[in-house]
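Single-structure report; data block below.
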Amino acid sequence: MRALVLSNMLPDRHHPERGRFVRDQVAALRRLPGLEVELCELPPGAPSLLRGARTLRARHARDRFDVVHAHFSLAALPALALPARVRALTVHGTDARHPRTRLVTRAVLPFMDIVAAVSPSLVAALPGARARRRALVLPCGVDTERFVVLDRAQCRLQLGLPAHRRLLLFPADPARASKRADRARALARHVDANLLTLGGVDPARVPLLVNAAHAVIAPFEREGFGLAVLEALACDVPVLATPVGIHPAALDGVQGALCAPFELERWAAALEPHLRDPDPRVEGRARALSWSATAMAQRVRDAWHTALSQ
């Protein structure tokens with residue numbers, strides 16, 4: 001089976017982390033037998049997509065793909081320029097919820113043989129009852145080879161972080177308002193901890209940052225999936241998160257984790273035992289493996305096979 005995966009999340013020097021989850025899924029798909037998978041990443045923004053559609057058409061004019069699979073609805077527009085037996089779209093969040101991109105999503109859904117979202121809650125947010133009925137849940141998954149338990153002291157040393165300071169990690173770009181960095185800052189002040197943040201961080205450093213922290217805190221207002229929480233669990237690092245995306249399912253029953261609406265005092269109380277421990281850990285890796293990049297790639301492959309057989 002020959003497939004082309006397309007996204008509008010091309011990284012640049014300011015955002016080297018952009019689109020890493022799509023690249024992780026493509027890498028996992030390439031490890032599966034019987035698949036030949038190409039990846040095309042376009043820069044974000046409408047002008048880039050228009051140029052991308054022309055480039056794609058020129059580059060692949062003679063190619064025949066079994067599957068063309070777009071990540072994010074805007075990427076589905078240039079994907080329509082290519083011939084394919086099956087067209088697929090995975091929606092990740094804002095493309096189902098933002099007023100403008102939701103219009104694009106509604107427009108392209110009828111042309112898709114496979115409609116997918118990264119979580120059940122996002123399936124429920126898709127425009128159109130028919131799309132919601134036929135949608136699949138196809139997340140990208142966590143790279144459990146990169147996100148492993150690492151020595152906390154060594155991670156801090158390698159990152160140049162203080163050896164004995166209380167450290168919390170906010171696993172998102174603070175500029176994204178829906179992730180609520182204001183809550184994270186208030187919590188860090190309340191418990192007298194330093195706050196580390198992501199956004200513009202080299203992906204190779206992220207596993208070090210996760211393992212360096214006493215806990216990962218995700219007080220998000222909205223979340224399409226919840227990859228950051230799974231990455232922390234894969235490292236056995238304590239996690240506190242709001243009940244959005246897959247957070248409730250991922251954290252249910254994990255001793256030492258908290259999934260609850262953000263309340264400063266409650267979250268501070270849940271953090272305190274971890275902050276007193278020089279090397280706090282939870283038993284989270286087994287849970288994260290349920291959403292590994294390999295397991296999720298197998299689900300995508302099965303969806304492709306089913307659509308092609310129909």
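Taking the six-membered ring for Trp and the full ring otherwise, F21 and H71 have centroids separated by 6.0 Å or more.
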Mind running side-chain contact (heavy atoms from CB on, under 4.5 Å) on L264 and R183 for me, showing each step along the way? CA-CA 8 Å; L264 187 61; R183 293 173 174 174; over 6 Å; no
Show, in sequence, the C-alpha distance, side-chain angles and deciding distance for D12 and R18, and conclude whether the salt bridge (charged side-chain N to carboxylate O under 4.0 Å, His left out) test is met. CA-CA 8 Å; D12 57 30; R18 184 188 289 145; 3.3 Å; yes
L209 and L198: side-chain contact (heavy atoms from CB on, under 4.5 Å), yes or no, with the steps? CA-CA 9 Å; L209 287 164; L198 300 184; 3.7 Å; yes
Would you check, one step at a time, whether the test side-chain contact (heavy atoms from CB on, under 4.5 Å) holds for S73 with V91? CA-CA 6 Å; S73 297; V91 172; 3.9 Å; yes
Can you check side-chain contact (heavy atoms from CB on, under 4.5 Å) on L74 and D95, steps first, answer last? CA-CA 8 Å; L74 290 175; D95 38 2; over 6 Å; no
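Between the side chain of E223 and the backbone N or O of G226 there is at least one donor-acceptor pair closer than 3.5 Å. Listed for the S7 side chain is no donor-acceptor partner under 3.5 Å among the backbone atoms of E41. For R102 (side chain) and A96 (main-chain N/O), a donor-acceptor pair under 3.5 Å exists by modelled atom type. Between the side chain of H214 and the main chain of R166, no donor-acceptor pair closer than 3.5 Å is present. Judged by distance alone, with hydrogens and angles left aside, the side-chain atoms of H274 form a donor-acceptor pair with the main-chain N or O of G256 at under 3.5 Å. Remark: side-chain polar atoms of H98 are paired, donor with acceptor, to backbone N or O of R100 under 3.5 angstrom. Not a single donor-acceptor pair under 3.5 Å links the side chain of D143 to the backbone N or O of D24. Between the side chain of T242 and the backbone N or O of V244, no donor-acceptor pair lies under 3.5 Å. Of the possible donor and acceptor atoms, one in the side chain of R156 sits under 3.5 Å from a partner among the backbone N and O of P162. In terms of modelled atom types and a separation under 3.5 Å, the side chain of R85 and the main chain of R64 share no donor-acceptor contact.
Taking CG of D192 as the start and CG of L275 as the end, the distance is 9.5 Å to the nearest 0.5 Å. Here the CZ-CD distance, from R205 to E17, works out to 12.5 Å after rounding to the nearest 0.5 Å. Atom CG in L208 sits 12.5 Å away from atom CZ in R152 (nearest 0.5 Å). Atom CG in L161 sits 5.5 Å away from atom CG in L196 (nearest 0.5 Å). From I217, atom CD1 reaches atom CZ of R185 across 10.5 Å, with rounding to the nearest 0.5 Å. We find the CE-CG distance between M1 and L29 to be 9.5 Å, quoted to the nearest 0.5 Å.
Between L230 and I246 there is a side-chain heavy-atom pair separated by less than 4.5 Å. Counting heavy atoms from C-beta on, the side chains of L138 and V118 never come closer than 4.5 Å. Side chains of H190 and W267 form no contact here, defined as non-hydrogen atoms less than 4.5 Å apart. Side-chain contact between V108 and L89: present, with at least one pair of heavy atoms (C-beta onward) separated by less than 4.5 Å. Counting only heavy atoms from C-beta outward, the side chains of V254 and L233 approach each other to under 4.5 Å. With a 4.5 Å cut-off on side-chain heavy atoms, L10 and L42 do not count as touching. Residues C140 and L227 have side chains not in contact (no heavy-atom distance under 4.5 Å, counting atoms from C-beta outward). Side chains of L82 and L4 form a contact here, defined as non-hydrogen atoms less than 4.5 Å apart.
If you chain together hydrophobic residues whose side chains sit under 4.5 Å apart, V137 and V22 never meet in one group. If you chain together hydrophobic residues whose side chains sit under 4.5 Å apart, F220 and L251 never meet in one group. L167 and V201 end up in the same hydrophobic cluster when Ile, Leu, Val, Met, Phe, Trp and Tyr side chains are linked at under 4.5 Å. L6 and V104 fall within the same hydrophobic cluster, defined by Ile, Leu, Val, Met, Phe, Trp and Tyr side-chain heavy atoms under 4.5 Å apart, directly or through other members. With hydrophobic clusters built from ILVMFWY side chains whose heavy atoms lie under 4.5 angstrom apart, L103 does not share a cluster with L80.
Contact detail for Q25 and A297: the closest heavy-atom pair is O-CB, 4.4 Å. Across every non-hydrogen atom of L109 and A131, the tightest pair is CD1-CB, 3.6 Å. Minimum heavy-atom separation, L159 to A212: CD1-CB, 4.1 Å. Nearest heavy atom pair, residue L122 against residue G93, reads CD2-N, 3.4 Å. Among all heavy-atom pairs drawn from V237 and V210, the shortest one is CG2-O, 3.5 Å. Minimum interatomic distance between P83 and R87 (heavy atoms only, all atoms of both residues): CA-NH2, 3.9 Å.
Test Q158, Q154, R281 against N211 for side chain to side chain donor-acceptor pair (under 3.5 Å) and you get one pass: R281.
For residues 114-134, every residue pair satisfying the side chain to side chain donor-acceptor pair (under 3.5 Å) rule, not counting sequence neighbours, is listed here: S119-S121. Applying the side chain to side chain donor-acceptor pair (under 3.5 Å) test to residues at least two apart or on different chains, the pairs with a partner in residues 284-310 are H69-W304.
By the 6.0 Å contact criterion, CD on E283 is open, its count of non-hydrogen atoms from other residues, nucleotides or ligands being 12 or less. The local environment of CZ in R30 is crowded, with over 12 non-hydrogen atoms from other residues, nucleotides or ligands closer than 6.0 Å.
Taking the six-membered ring where the residue is Trp, F72 and H92 present parallel rings, their angle staying beneath 30° rather than reaching 60°.
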